[in-house]
Amino acid sequence: KQEVTQIPAALSVPEGENLVLNCSFTDSAIYNLQWFRQDPGKGLTSLLLIQSSQREQTSGRLNASLDKSSGRSTLYIAASQPGDSATYLCAVEKWGGANNLFFGTGTRLTVIP
Amino acid sequence: NAGVTQTPKFQVLKTGQSMTLQCAQDMNHNSMYWYRQDPGMGLRLIYYSASEGTTDKGEVPNGYNVSRLNKREFSLRLESAAPSQTSVYFCASSPTGAVLSLHFGNGTRLTVT
C-alpha cells in the first residue's frame with residue numbers, strides 16, 4: 001500500500017517568509033500528485049495537481065514540484081501571509097480510481113502577523 | 001454555488017444508535033465519495049459511487065452502508081454506531097470516475113459515546 005508522509009506536522013513562520021512543505025511517498029509508480037488546503041472546520045480545496053509526466057506546477061505564490069524517482073514533492077509558498085494559515089495535505093494517485101488515492105496527514109501552517 | 005452540502009454538521013450518538021449522514025451536490029457530477037478523517041491519519045475512503053446506480057467499497061467499509069439515491073445524493077448510514085466511528089466524515093464529488101477534480105463538503109463531526 002502506498003504510504004504518504006508529511007513532515008513536519010506543524011509549522012509556524014513570520015509573515016513574509018518563504019517556506020517549503022514536504023511530502024514523501026513510498027511507491028514511485030504514481031499517476032498524479034495533488035496538494036490540498038484545509039481550513040478549520042472546512043473540507044479540502046485542491047491547490048495544485050502535478051501529473052506524473054510533469055515536474056512542477058505553479059499558481060500565484062504557490063509552486064509544487066515532483067520528483068518521482070526519490071518519492072518526494074514539495075510545496076513552496078512565497079511571501080507568506082496570515083491568510084495562508086491552514087492545513088496543507090498532499091495526495092498521491094495510482095492508476096485504478098478511487099481506491100488508489102492516498103492522502104498524507106498534513107502540515108498545519110501558521111503564519112504570524 | 002452550494003457545491004457539496006453535508007448534513008448534519010455535528011452529531012453525538014450513543015453506542016448502538018443508528019443514523020444517516022446526508023450529502024448532496026449540485027454540480028451534475030457523476031461520482032461521489034465518503035471519506036473519514038481521523039487525527040494522525042490521512043483521509044480514508046469508506047465507500048464511493050462511480051456513477052448513479054453503482055456503489056463500491058473503499059478502504060474502511062465495515063460498519064457502514066451507502067445509498068446513491070439519485071445523481072445528486074449519496075448517503076452514508078451507520079446501523080449500530082461504535083466509539084471507533086468517532087471521526088469527521090467528508091463527502092466529495094467529481095465529474096467522472098477520475099479523482100482528479102474532487103470537490104469536498106465541509107464535513108460532519110460525529111462523536112459516539
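Here is how names work: the chains are called A, B, and so on, in the same order as the sequence lines, proteins then strands, and each is numbered from 1.
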Q: Measure B:Q6 against the heavy atoms of chain A and call it side chain, backbone, both or neither at under 4.5 Å.
A: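 For B:Q6, there is no contact with chain A at all, as no heavy atom is under 4.5 Å.
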
Q: If I compare all heavy atoms of A:Q38 with all of A:A86, which pair ends up nearest, and what's the gap?
A: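 Smallest heavy-atom distance, with atoms named: O-CB, 3.6 Å.
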
Q: Picking from B:Y35, B:W34, B:Y64, what satisfies side chain to side chain donor-acceptor pair (under 3.5 Å) with B:Y89?
A: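 Testing B:Y89 for a side chain to side chain donor-acceptor pair (under 3.5 Å) against B:Y35, B:W34, B:Y64 leaves exactly one candidate, B:Y64.
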
Q: Taking the side chain as C-beta and beyond, is there a heavy-atom pair between B:K71 and B:N28 under 4.5 Å?
A: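 Of all side-chain heavy-atom pairs linking B:N28 with B:K71, at least one is under 4.5 Å.
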
Q: Taking the side chain as C-beta and beyond, is there a heavy-atom pair between B:L45 and B:V60 under 4.5 Å?
A: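 Side chain of B:L45 against side chain of B:V60, heavy atoms only: no contact under 4.5 Å found.
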
Q: Measuring heavy-atom distances to chain A, does B:K57 have an atom under 4.5 Å in its side chain, in its backbone, in both, or in neither?
A: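 Only the backbone of B:K57 comes within 4.5 Å of chain A.
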
Q: Against chain B, label A:Q6 side chain, backbone, both or neither, depending on which of its atoms sit under 4.5 Å from a heavy atom there.
A: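 Neither part, no heavy atoms under 4.5 Å.
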
Q: Name the member of A:T45, A:L44, A:N100, A:L89 that forms the most heavy-atom pairs with chain B at distances under 4.5 Å.
A: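 Max contact count across the listed options: A:L44.
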
Q: With a 6.0 Å cut-off on ring centres, are B:F104 and B:Y33 close enough?
A: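 Ring centres of B:Y33 and B:F104 not closer than 6.0 Å.
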
Q: Quick check for you: among B:R44, B:H103, B:Q37, which has the greatest number of heavy-atom pairs under 4.5 Å with chain A?
A: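 Result: the option with the highest number of such pairs is B:Q37.
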
